[in-house]
Amino acid sequence: QVELAEYGGDSVQGGGSLGLSCTTSGNRVNTMAWFRQSPGKGREGVAAIVKDTRPYENKPYYADSVKGRFTISRDDSKNTMYLQMNDLRPEDTAMYYCAATNYLIWGPLDRRSYEYWGQGTQVTVSS
């Protein structure tokens, strides 16, 4: 079993920056990701950091909407994953979820690939 916990959600003004973190406990997981969901919308993949999970390369993957603004990273010595978000926009407002998996059947940014989820942390960006 794997438990995930997100931290860092807050309210910020547009153009600002915010950093999220996700800690893991329990069994080892290889690939981790951030998803987000806003009211009335489905849960979308934001960024994933793949490690030793075939057939995908060990590297970060980003949704087009956040490329160049968000950076995903991990520190396995601390069992923690991070998401640095810069140049935030009102459309980034959502509940952000941490997810983890050891299998990528549907791809790094497809929610169906992930079996472990955190409870979420709210990010609100005002214009």
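Every pair passing salt bridge (Lys or Arg N to Asp or Glu O under 4.0 Å) that includes a residue from residues 22-34 is listed here, sequence neighbours excluded: Arg28-Asp52. Among residue pairs with one or both ends in residues 97-108, those qualifying as side chain to side chain donor-acceptor pair (under 3.5 Å) are Thr101-Glu115; sequence neighbours excluded. Applying the side chain to side chain donor-acceptor pair (under 3.5 Å) definition to pairs two or more places apart or across chains, those involving residues 8-24 are Ser17-Asn86.
By the side chain to side chain contact (heavy atoms under 4.5 Å, CB included) test, Asp87 is found to be paired with Arg69, Arg89, residues two or more places apart in sequence or in another chain being considered. Residues passing the salt bridge (charged side-chain N to carboxylate O under 4.0 Å, His left out) test with Arg36, sequence neighbours excluded: Glu44, Asp92. Take Arg112 and apply the salt bridge (charged side-chain N to carboxylate O under 4.0 Å, His left out) test, not counting sequence neighbours, and it matches Asp110. Every residue meeting the side chain to side chain contact (heavy atoms under 4.5 Å, CB included) condition with Lys41, not counting sequence neighbours, appears here in chain and number order: Ser38. The salt bridge (charged side-chain N to carboxylate O under 4.0 Å, His left out) test applied to Lys51 returns Asp76, not counting sequence neighbours. In this structure, Asp75 has no salt bridge (charged side-chain N to carboxylate O under 4.0 Å, His left out) partners at least two apart in sequence or on a different chain. Listed by chain and number, the residues in a side chain to side chain contact (heavy atoms under 4.5 Å, CB included) with Gln122 are Thr93, Met95, Thr124 (sequence neighbours excluded).
Residue Leu4 shares its hydrophobic cluster (ILVMFWY side chains chained together at separations under 4.5 Å) with Val2, Val12, Leu18, Leu20, Val29, Met32, Trp34, Val46, Ile49, Tyr62, Val66, Phe70, Ile72, Met81, Leu83, Met85, Leu88, Tyr96, Tyr116, Val123, Val125. Side-chain contacts under 4.5 Å among hydrophobic residues (ILVMFWY), followed directly or transitively, place Tyr7 with no other residue at all.
A donor-acceptor pair under 3.5 Å is absent between the side-chain atoms of Gln119 and the main chain of Ala5, judged by distance alone. Distance alone, capped at 3.5 Å, places no donor-acceptor pair between the Thr71 side chain and the Gln84 backbone.
Atom OG1 of residue Thr31 and atom OH of residue Tyr114 lie 6.0 Å apart, to the nearest 0.5 angstrom.
Of all the heavy atoms in Ala63 and Gly45, the pair that sits closest is CB-O, 3.4 Å. In terms of heavy-atom proximity, Pro90 sits nearest to Ser127 at CG-CB, 3.8 Å.
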